[in-house]
Amino acid sequence: YRALDGVPGVRRAINRLQQRRYERLLKELQVLVVNSPLDGKFRMSGGTLLGYHREGRLLPWDCWDIDFDIEAHHLPELAATIPLLLEAGWRQRVTWFNNDGDVAMVRLIRKFVGLDLVIAYDRDDQSVSWLFSKRDGVWLHADVRLPIASTQSVDFLGPTWPAPYPVHPHLAPIVGPGSGPYPHRP
């Protein structure tokens, strides 16, 4: 793709192709997870949640990974679901650990779409997770503390997904004031 970066319209065409791939994989993932031990034990998060909440659609610039969070006490269900994901063609890329040696994030990939499963731990009446990002060739991580939220079901790109409720307090510490809701969203 980098060789084509300067060609007008190529980046937009690649993103449209990637969006269609993302949406197809998201729908396949929903069917797979509903029939797994992880059903009902994960929630949309990150850019996936922001797209639903703020835009009412997939964010065109964030179609390279699907973001979910899972509470740490559901790690056994995640472990039981990983083989099902591998059978469906997902490949496990990396497992991140926090400084205490706890699993912080599991990343799988399929057809150029990442699946980021961020593990949230209950600490001091907050949900604590660790986000990882590569900036200028250096891996950085952030300790994110969010209010513990209940879960609601939301319709997004066809299937129904679990999402934190209320959504805005869950997004604001990560995204800032730009995480306001799309009209008609709670």
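Counting from 1, the numbers follow the sequence of the chain as shown. The model shown is predicted, which means the values in this text are computed figures rather than measured ones.
- A 4.5 Å side-chain heavy-atom check between Ile82 and Leu108 finds at least one atom pair inside the cut-off.
- Shown here for Gly114 and Trp90, the closest heavy-atom pair between the two residues is C-CZ3, 4.3 Å.
- When each of Met44, Gln152, Arg43 is paired with Trp161, the side chain to side chain contact (heavy atoms under 4.5 Å, CB included) condition holds for Met44 and for no other.
- Between Asp39 and Thr81 the shortest side-chain heavy-atom distance does not fall below 4.5 Å.
- Considering only heavy atoms from C-beta on, Leu75 comes within 4.5 Å of Ile119 through its side chain.
- In this structure, Phe156 is a member of the same hydrophobic cluster as Leu59, with clusters built from ILVMFWY side-chain heavy atoms closer than 4.5 Å.
- No donor-acceptor pair closer than 3.5 Å links the side chain of Gln18 to the backbone N or O of Ala13.
- More than 12 heavy atoms of other residues, nucleotides or ligands shown are found within 6.0 angstrom of CZ on Arg123.
- Of the inter-residue distances, the one linking Lys111 atom NZ with Leu25 atom CG reads 6.0 Å to the nearest 0.5 angstrom.
- For the residue pair Trp96 and Val94, the shortest heavy atom distance occurs at NE1-CG1, 3.5 Å.
- Although no hydrogens or angles enter the test, the distance criterion places no donor-acceptor pair under 3.5 Å between the side chain of Asp62 and the main chain of Leu58.
- When each of Leu85, Leu32, Ile70 is paired with Leu38, the side chain to side chain contact (heavy atoms under 4.5 Å, CB included) condition holds for Ile70 and for no other.
- No side-chain heavy atom of Arg107 sits less than 4.5 Å from a side-chain heavy atom of Leu115.
- Annotation for Cys63 and Val113: closest pair O-CG2, 4.4 Å, computed over non-hydrogen atoms.
- Side-chain contact between Leu78 and Pro37 is absent, with no heavy-atom pair separated by less than 4.5 Å.
- Leu86 and Leu29 fall within the same hydrophobic cluster, defined by Ile, Leu, Val, Met, Phe, Trp and Tyr side-chain heavy atoms under 4.5 Å apart, directly or through other members.
- Listed for the Asn98 side chain is a donor-acceptor partner under 3.5 Å among the backbone atoms of Asp100.
- Annotation: side chain of Val33 is in contact with side chain of Phe42 (closest heavy-atom distance under 4.5 Å).
- Listed by chain and number, the residues in a side-chain hydrogen bond (donor to acceptor under 3.5 Å, both in side chains) with Thr48 are Tyr22 (sequence neighbours excluded).
- Between Leu49 and Leu171, some side-chain heavy-atom pair lies under the 4.5 Å cut-off.
- Taking the side chain as every heavy atom from C-beta outward, Tyr121 and Asp102 approach each other to under 4.5 Å.
- Not a single donor-acceptor pair under 3.5 Å links the side chain of Glu77 to the backbone N or O of Lys41.
- With hydrogens and angles ignored, the 3.5 Å screen pairs a side-chain donor or acceptor of Asp67 with a backbone N or O of Gly47.
- Judged by distance alone, the side chain of Thr95 and the main-chain N or O of Val106 form no donor-acceptor pair under 3.5 Å.
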